[in-house]
Undergrad: 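Got a structure for you, written out below as structure tokens; questions coming shortly.
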Amino acid sequence: MDVNFAPLRAWDDFFPGSDRFARPDFRDISKWNNRVVSNLLYYQTNYLVVAAMMISVVGFLSPFNMILGGIVVVLVFTGFVWAAHNKDILRRMKKQYPTTFVMVVMLASYFLISMFGGVMVFVFGITFPLLLMFIHASLRLRNLKNKLENKMEGIGLKRTPMGIVLDALEQQEENVSKIADYISKVKE
């Protein structure tokens, strides 16, 4: 599997004026989920840069706690993904309620980190960047280029780190997964 990094999007596209942001329709969870997944894939390098800056600042102030927090979150996430692949009830929860699944991972990480101290490092170094990514991905309206890039990612023409994480969470745009299923049937 060849992994490519998505290009860094122009900052005026990433965070322009309020004309490209809108409140999601909370009644249509599927549409909201598609918007979040689409934006996470399209702006993944921008999110990585913003998160790296925040993590660097917090890591500079408290390096041991930041490393400990990162290790705990990665281990808990890996454990939950492994368990979700082996337990049907967790698999359904991960697919139907991805936000709840991520919140459970973060809460479990929080409780483990609270045993070692460094809770504020966890909150500001790990959770806050994730929260900012989720808020931006929820509010940012998609454009045509965004949708096209995500379709290429979804049908396997392009693999990126965020695509791999979203696959582990079993989150894809509905239309993209239909196209991918069709293409795999044609290949057979």
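Treat the numbers as computed from the prediction; the structure is a model and nothing was measured.
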Undergrad: Sub-3.5 Å donor-acceptor pair from the side chain of Arg9 to the main-chain atoms of Tyr42, do we have one?
TA: yes

Undergrad: For Ala10 and Asn46, which heavy atoms make the closest approach, and how far apart are they?
TA: O-ND2, 4.5 Å

Undergrad: According to the interplanar angle, ranging from 0 to 90°, do the rings of Tyr47 and His136 count as parallel (below 30°), tilted (30 to 60°) or perpendicular (above 60°)?
TA: perpendicular

Undergrad: Hey, could you give me the CZ/CG distance between Arg23 and Leu139, rounded to the nearest 0.5 Å?
TA: 10.0 Å

Undergrad: Testing the basics here: between Phe128 and Met54, what is the closest heavy-atom pair and its distance to 0.1 Å?
TA: CD2-CE, 2.8 Å

Undergrad: For a 4.5 angstrom cut-off between non-hydrogen side-chain atoms, does Val50 reach Tyr43?
TA: no

Undergrad: Do Pro24 and Arg35 have side chains that get closer than 4.5 Å, going by heavy atoms?
TA: yes

Undergrad: For residues 68-78, which side-chain donor-acceptor pairs fall under 3.5 Å, sequence neighbours excluded?
TA:
from: Thr78; atom 1: OG1; to: Val74; atom 2: O; distance (Å): 2.7

Undergrad: Would one find more than 12 heavy atoms of other residues, nucleotides or ligands at under 6.0 Å from atom CZ of Phe26?
TA: yes

Undergrad: Spell out, yes or no, whether Met66 and Phe111 are grouped together once hydrophobic residues are joined by side-chain heavy atoms under 4.5 Å, including indirect joins.
TA: yes

Undergrad: Does Arg140 make a cation-pi contact with Phe21 (under 6.0 Å, within 45 degrees of the axis)?
TA: yes

Undergrad: To check you understand the geometry: which heavy-atom pair defines the closest contact between Pro63 and Leu61, and what is its length?
TA: CD-C, 3.9 Å

Undergrad: Within the 4.5 Å heavy-atom criterion, are Asp25 and Trp32 side-chain neighbours or not?
TA: no

Undergrad: Kindly compute the distance separating CE (Met103) from CZ (Phe134), expressed to the nearest 0.5 Å.
TA: 9.0 Å

Undergrad: Taking all non-hydrogen atoms of both residues into account, name the closest pair between Asn39 and Leu141 and its distance.
TA: OD1-O, 4.5 Å

Undergrad: Listing request: all side-chain hydrogen bond (donor to acceptor under 3.5 Å, both in side chains) pairs with a residue in residues 115-130, at least two apart in sequence or in separate chains.
TA: none

